[in-house]
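Everything numeric here is computed off the predicted structure, so don't read it as measured data.
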Amino acid sequence: MYKKRFLIICFVMLAYGTFAQHSQNTVFPIIPRPASLVPSDEHFQLNKSTAIFVSRQSLQPSADLLKQAISHLGHFAVLSSENKKENVISLETDATEVPEKEGYFLRISQNKVEITGHDEAGVFYGIQSLIQLLYLNQSSSAGLQLPGCAVKDSPRFSYRGLHLDVGRNFFPVSFIRKYIDLLSFYKFNTFHWHLTEDQGWRIEIKKYPELQSVSAFRDETIIGHKKDSPHRFDGKKYGGFYTQQEVKEVVEYARSKYVTIIPEIEMPGHAMAALAAYPNLGCTGGPYKTATFWGVFDDVFCAGNDSTFHFLEDVLSEVLALFPSKYIHIGGDECPKTQWKICPKCQKRMKDEHLKDEHELQSYFIRRMEKYLNSKQREIIGWDEILEGGLSPKATVMSWRGEEGGIAAAQQKHDVIMSPESHLYLDYYQSLNPNEPIAAGGFTPLKKVYDYDPVPGELKPEEYQYIKGIQANIWSEYLYNQAQVEYMVFPRAIAVSETGWSAKTHKNYEDFLKRLRLHKIILRDKKVNFFDRFEELNFSFTTHNDGKVSVHLSSTLPQANIRYTTNGKNPGMNDKVFKNDFFVEKSTIFKAQLFGGTKPYGKVFEQSFDFHKAIGKSLTLKNKPKGNFNPKDPLALVNGITGSLRYNDGQWSGFSGENFEAVIDLGIVQNIQKLGLNILKYHWQRMWEPNVLVFYLSENGKDYKEVYRQKTFPENAVNKVRASVPLTKARFIKIEAENKGIIPKGEYGAGNKAWLMIDEIYVN
């Protein structure tokens, strides 16, 4: 292992220059990027006579952590010192010298290393930066060498969080400790522990033992993706929970790494597991079952039943004794009102409390629980649905459905944690390669994560103060083991760490990638199963109105060549090297591969082009696509490229509650015999087939004749409509698709607007 690490480090030094020389190519691989780093020509040599000095006993655990790192990397032990002599690493706090909370000052000179923190956390973070430098410096029998520098650093945001859902899939304490280690190494200070779900209750509550014996287990688990139809199950009982003693030990372990754990106890929705054990807490009285598949369920805690609140207060009483955090997360998201609308107790509660609708009933529920927590000197965090019906007085909002909830809360002078699904859900695909392991859906590559800024432009400067920080979320529906969690989380979480810590003006993606490449060595040493192909091909296609599509390829991998083919074969060393944009003018399968020298890097990128008469032609839409389904390419519907099953690849156009109506102008009258388009049907993602799809043809753009109509779309996936019509002369094609409208009762997202998802209109 030592020899292998030495060879890797030698390669890194060759590529970027040694730290001691401070050449122009020198990279100080600290992540997150420090506020200020000034290199010097000195260096500090660690050896067996190096000692560590601490100014106060409370810094000793951090000193011990540094000793362990030096022993691991240098294969020698360092001593403790009672004074700041030469050849010493000094650890101390000084709030005057470092006025920013969690900030630190790291000085590396020829005779000593000094870390001064505003507080103990600041010293700890200075040590993490020092350890990162230790990892990537030449090792020899003389010891470890550190580059001379002065680093002054402090965080941009006070809240820097990473979440983990253990309700869908359960992970052992050993992994939770490793997860906390990785958080603290990258200067996260908050671990959001999602402990209860429809599919499992994961924390011991002594007053309610059936939460352990019943709620912590489910009869079986869905196989494959929730969008698959029909659902298939493995037939195996599954579950587990953390004892209160285990929780105490994890909380103390996190505290030693300056990580605060915020527990989440879901309410009033996501309650199926709890209801399975205590059915009297539901509106119907059951029977209920711990959920065996993923989704949102109509059965929630009854808001009209006082026993519900007594139960939750009892639960929270035990939770508060385990978690000293200021905040307790109470969920508040995805709570269908279906049962509340027909429950006599809930309706009576609304009448007694003068609540106008079920949204205000949810607000009543949240306020009542907040009042209890406030009485215990705690505050609540909830997902942005807690805004519905009126926000609780002291609540902090975690904005996940976009930025709108966070903006609204900040404008009302409430604290906000930005956590938008579009950029910070790390259970989404990080590559478009079809061989990636199954994931929730969507496409969230590393650069998209890195480029996100938590302060929305819609806020006024005086409202910025309410944005307290950032959090990335990891939901575990498709994360069946620890290795899969790591693969999805890293390195994207490292990008989040830099956004949460580093000043916006100091962020630079190219510079981040330079440092991240070096951190591969660290992640491997820490035995993290990370996604290491983050420098896959970057590609873009431009549709031109002459019916051609141009292709642009690039990569951030240094000195790499991109070789490509247009014959469907995998590229090899004898195939073309991409230099300039080129045109694709006929149906083909395009493939490209990164090469570092003679060796392929990463996976082959593949894209099919299906050419037809409408490519690049004038397209008029009555309603514009919405949200995440508004492609950057205005001609995405007529560019010859079919959107993938992952539906967030920039090809699908989505219409929320609105009909689709498009007119294509071919420019000249010509013979038409085949028409088609693609429709995405995923009810579990609120994506519904149209009630009816109709094609019309016209020569003059005024007099249209219906030529095709379809009402059934059987595939629970992409429905490829391909219609042969009587040979007709036409210049204009009109397509109408009637949106489902409001999602029906009993379906996922009932009462909400349905998405109508359309891609690639074919004309031949």
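- D427 places no side-chain N or O within donor-acceptor distance of the main-chain N or O of A440, the cut-off being under 3.5 Å.
- Among R517, R524, K520, the single residue meeting the salt bridge (charged side-chain N to carboxylate O under 4.0 Å, His left out) criterion with D532 is R524.
- More than 12 heavy-atom neighbours from other residues, nucleotides or ligands sit within 6.0 angstrom of NZ on K178.
- Taking 4.0 Å as the cut-off between side-chain N and carboxylate O, R533 and E536 count as a salt-bridged pair.
- Between F323 and W193, the ring planes are perpendicular. Angles over 60° get that label, and only those under 30° would be called parallel.
- Residues T116 and T93 come closest through the heavy atom pair CG2-C, 4.3 Å.
- Nearest heavy atoms, S476 versus R168: OG-CB, 3.3 Å.
- One finds a salt bridge joining R255 and E252 here, because a Lys/Arg side-chain nitrogen approaches an Asp/Glu carboxylate oxygen to under 4.0 Å.
- Each of Q199, E334, E264 was scored for a side chain to side chain donor-acceptor pair (under 3.5 Å) with H270, with one residue passing: E334.
- For H163 and W475, the distance between ring centers is under 6.0 angstrom.
- Among R515, K507, K514, the single residue meeting the salt bridge (charged side-chain N to carboxylate O under 4.0 Å, His left out) criterion with D511 is R515.
- Of the listed residues (K187, H118, R160), just one forms a side chain to side chain donor-acceptor pair (under 3.5 Å) with E102, and that residue is R160.
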Show your reasoning for whether side chain to side chain contact (heavy atoms under 4.5 Å, CB included) applies to M369 and L316.
-> CA-CA 9 Å; M369 298 312 304; L316 289 175; 3.6 Å; yes
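- The minimum heavy-atom distance between Y258 and E120, with the atom names listed, is OH-CB, 3.3 Å.
- Closest heavy-atom contact between H192 and H329: CE1-CD2, 3.2 Å.
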